[in-house]
Participant: 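Structure incoming, see below.
Each ligand, and each atom within it, is numbered from 1 in the order the structure gives. Worth saying up front: this structure is predicted, and the values here are computed from it rather than measured. Just so you know, residue 1 is the first one in the sequence shown, and it goes up from there.
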Amino acid sequence: MFKKILIANRGEIALRIIRTCREMGIQTVAVFSTADADSLHVRFADEAVCIGPPPSTDSYLNIPRLMAACEITNADAIHPGYGFLAENADFAEICNEYGIKFIGPAPEHIKKMGDKITAKATMIAAGVPVVPGSGGLLENIEDGKKQAAEIGYPVILKATAGGGGKGMRVVREEEEFEAQWNMARNEAKASFSNDGIYIEKFIEEPRHIEIQIVGDQFGNVCHLSERECSIQRRHQKLVEESPSPFMTKKLRKQMGEAAIRAGKCINYEGVGTVEFLVDKHRNFYFMEMNTRIQVEHTVTEEVIDHDLIKEQIKVAAGIPISGENYIPTVHAIECRINAEDVYHNFRPSPGLITSLHTAKGHGVRVDTHVYAGYEISPHYDSMIAKLICRARTREECITKMERALEEFIVEGVHTTIPFHKKLMKNEQFRAGDFNTGFLEGFEMGEEERE
Ligand code: MV4
């Protein structure tokens with residue numbers, strides 16, 4: 001087992017990783033920017049190294065500084081958390097060269113899944129259903145139009161280097177193909193310095209349902225069931241839950257088996273998530289694979305009662321997994337509490353938290369790095385806490401979440417709590433009747449608008 005893990009991250013996930021390391025008897029090294037000197041991950045780690053000024057490019061994304069921090073503290077592994085360098089194949093490669101275990105998959109797997117055309121081709125080879133479409137790079141407009149006609153409108157143009165919605169354009173008819181093609185290419189070039197575009201049939205009003213998998217160094221891969229992630233705004237997830245209210249025994253078996261095939265065909269090592277689009281007839285299609293621990297791993301932890309960070313560390317250390325699949329027997333929902341003003345288009349609301357009372361009680365979990373007196377920096381993302389509730393049924397879980405949201409008081413900054421309170425009351429949400437388009441028609445109203 002590792003003696004000392006350096007956590008190349010900040011915020012709630014850094015704290016989350018430190019907690020598991022302490023329970024496993026592993027020493028921890030925190031790294032921090034000058035903006036985070038008073039952060040809890042710095043206090044709770046055994047050692048802490050300042051790696052630069054607030055901008056991420058000069059601190060949390062600066063590979064030479066992270067490697068230097070590893071060297072001076074003698075860490076033997078790095079946990080990247082999510083975001084920052086978690087899906088950077090070069091970073092994983094450099095860790096290997098330094099003889100430091102990168103807690104995550106091999107660089108080839110990160111690269112393979114980072115390029116969406118390669119990922120899709122890999123899934124086809126593994127027998128995982130993918131959205132109908134070319135599967136290859138479009139050569140030019142004419143090639144694109146020809147393929148669109150074959151697939152049938154509406155189609156969607158996607159950037160091969162993309163993910164998370166950037167460089168993505170829906171084309172409803174041939175007349176608008178050229179304009180959308182140009183926009184997709186320009187956006188892809190600006191965002192990823194790669195203007196490679198591919199095409200797919202556009203699936204109307206899909207759900208986003210993802211399967212958590214774990215693979216070990218011996219070729220075993222199992223699944224830990226699904227998470228429903230359709231409640232998103234501009235490709236930012238706001239609420240996740242497990243199980244999905246749309247799931248059936250049969251669909252879970254099919255999607256679980258497909259996700260395991262995906263993992264097995266590349267000998268996947270570590271925790272990973274296979275994202276699917278699911279249409280109203282319960283056809284499911286591979287969308288992307290994430291090769292990191294995700295923000296919403298907590299709902300899976302709550303419904304299967306396993307520590308996923310511990311699983312990740314064990315697998316990285318060469319310990320085999322049990323090989324069993326896990327099916328939830330209870331329900332969990334996560335609400336992301338962001339420092340954002342929901343009455344003004346969810347604009348960021350950084351600043352000083354003057355007072356804080358987090359929710360507590362049976363079945364309530366709060367993962368957060370903030371406290372009263374904490375200053376939320378404008379340099380990093382706006383998520384300040386994850387509120388996770390667990391109960392026997394979805395209905396009880398929503399009721400518990402409403403109670404927990406009422407108890408959760410943050411003063412000094414705006415938060416997404418009013419949004420979550422409103423969502424929990426919504427009849428369609430309560431009925432489990434929603435898809436990825438749900439929040440487009442969800443208005444916050446005028447109550448607190450200045
Ligand atoms: C799609 C789609 C419909 N049809 N692909 C959005 C992010 C990126 N990962 C892929 N996305 C989509 N791909 C086809 N062929 C609809 C979306 C999509 C979406 C997917 C998941 C969650 C929220 C979404 C919001 C809008 C569009």
Side-chain angles (χ1 to χ4, degrees), residues 82-83 87 113-124 128-138 144 147-148 150-173 177 180-181 183-184 187-188 191-192 194 196-211 226-242 244-246 255 259 262 272-292 294-296 334 336 346 423 429 434-442:
Y82 54 71
E87 288 170 296
M113 294 303 141
D115 180 84
K116 305 306 167 193
I117 289 178
T118 310
K120 206 172 159 181
T122 307
M123 293 306 149
I124 293 168
V128 177
V130 301
V131 186
S134 70
L137 274 180
L138 295 181
Q147 302 220 22
E150 280 166 17
I151 296 164
Y153 287 93
V155 296
I156 184 167
L157 301 173
K158 293 185 178 181
T160 189
K166 259 193 193 150
M168 209 177 77
R169 283 278 181 270
V170 179
V171 194
R172 298 217 162 255
E173 51 187 27
F177 191 94
Q180 301 292 20
W181 162 267
M183 284 207 269
E187 209 173 303
S191 306
F192 318 112
N194 174 350
I197 300 289
Y198 66 104
I199 189 170
E200 284 180 352
K201 176 80 185 164
F202 179 63
I203 310 295
E204 306 270 5
E205 304 191 329
R207 286 186 178 246
H208 171 152
I209 301 177
E210 56 190 32
I211 304 283
E226 79 282 1
R227 291 186 289 261
E228 167 66 66
C229 301
S230 298
I231 303 293
Q232 316 201 349
R233 185 181 174 277
R234 300 191 182 163
H235 305 296
Q236 290 294 320
K237 294 170 188 160
L238 280 160
V239 176
E240 305 95 346
E241 61 182 302
S242 185
S244 165
F246 197 60
M255 290 179 71
T273 300
V274 187
E275 295 186 348
F276 292 99
L277 290 173
V278 183
D279 72 15
K280 58 175 183 282
H281 308 294
R282 292 195 172 80
N283 297 307
F284 63 93
Y285 309 97
F286 170 80
M287 184 163 53
E288 287 175 21
M289 179 165 175
N290 300 318
T291 56
R292 59 170 192 276
Q294 288 184 283
V295 173
E296 63 271 26
E334 170 177 272
R336 295 192 190 189
F346 289 75
L423 180 71
F429 176 76
F434 53 83
N435 59 59
T436 55
F438 180 76
L439 291 187
E440 283 163 36
F442 191 82

Participant: Give the atoms of ligand 1, by number and element, whose distance to some non-hydrogen atom of K201 is under 4.0 Å.
Facilitator: 4 (N), 14 (C), 15 (N)
Participant: Which of the atoms in ligand 1, numbered in the order shown and given with their element, are less than 4.0 Å from a heavy-atom of M168?
Facilitator: 6 (C), 7 (C), 8 (C), 10 (C), 11 (N), 12 (C), 27 (C)
Participant: Above 12 or not: heavy atoms from other molecules or residues under 6.0 Å from CD of E150?
Facilitator: yes
Participant: Mind checking whether F202 has an N or O less than 3.5 Å away from an N or O of ligand 1?
Facilitator: no
Participant: K158: heavy atom below 4.0 Å from ligand 1, yes or no?
Facilitator: yes
Participant: For ligand 1, which atoms have a heavy atom of H208 less than 4.0 angstrom away?
Facilitator: 21 (C), 22 (C)
Participant: Students should be able to answer this: which protein heavy-atom is nearest to atom 7 (C) of ligand 1, and at what distance?
Facilitator: G165 N, 3.5 Å
Participant: How close do F429 and F434 get, counting heavy atoms only, and between which atoms?
Facilitator: CD1-CE2, 3.7 Å
Participant: Just checking K201: does its NZ atom have more than 12 heavy atoms from other residues, nucleotides or ligands closer to it than 6.0 angstrom?
Facilitator: yes
Participant: So for ligand 1, is E200 a polar contact partner (N or O within less than 3.5 Å, distance only)?
Facilitator: yes
Participant: Who's the nearest protein heavy-atom neighbour of atom 20 (C) of ligand 1, and how far?
Facilitator: L277 CD2, 3.8 Å
Participant: Show the atoms of ligand 1 that are less than 4.0 angstrom away from any heavy atom in Q232.
Facilitator: 22 (C), 23 (C)
Participant: Which of the numbered atoms in ligand 1 are under 4.0 angstrom from any heavy atom belonging to V131?
Facilitator: 15 (N)
Participant: Give the residue, atom name and distance (to 0.1 Å) of the protein heavy atom nearest atom 24 (C) of ligand 1.
Facilitator: T436 CB, 3.7 Å
Participant: To which protein heavy atom is atom 4 (N) of ligand 1 closest, and what is the distance rounded to 0.1 Å?
Facilitator: I203 N, 2.9 Å
Participant: Quick one: closest heavy-atom pair of T160 and I117, and the distance?
Facilitator: OG1-N, 3.1 Å
Participant: Side chain to side chain donor-acceptor pair (under 3.5 Å) with T273: which of R292, E288, R227, E296?
Facilitator: R227
Participant: Could you name the option among H235, K166, E275 that has the heavy atom nearest to atom 26 (C) of ligand 1?
Facilitator: H235
Participant: If you compare all heavy atoms of P154 against all heavy atoms of E204, which two are closest, and at what distance to 0.1 Å?
Facilitator: CG-OE2, 3.4 Å
Participant: Just distances here: any N/O of E288 and N/O of ligand 1 closer than 3.5 Å?
Facilitator: yes
Participant: Please find the pair of heavy atoms, one from N290 and one from Q294, that lie closest to each other, and give the distance.
Facilitator: ND2-NE2, 2.8 Å
Participant: If you apply the rule salt bridge (charged side-chain N to carboxylate O under 4.0 Å, His left out), what do you find for K280 with E205, and how did you get there?
Facilitator: CA-CA 8 Å; K280 58 175 183 282; E205 304 191 329; over 6 Å; no
Participant: Could you go step by step and tell me if K237 and E210 meet the salt bridge (charged side-chain N to carboxylate O under 4.0 Å, His left out) rule?
Facilitator: CA-CA 12 Å; K237 294 170 188 160; E210 56 190 32; 3.2 Å; yes
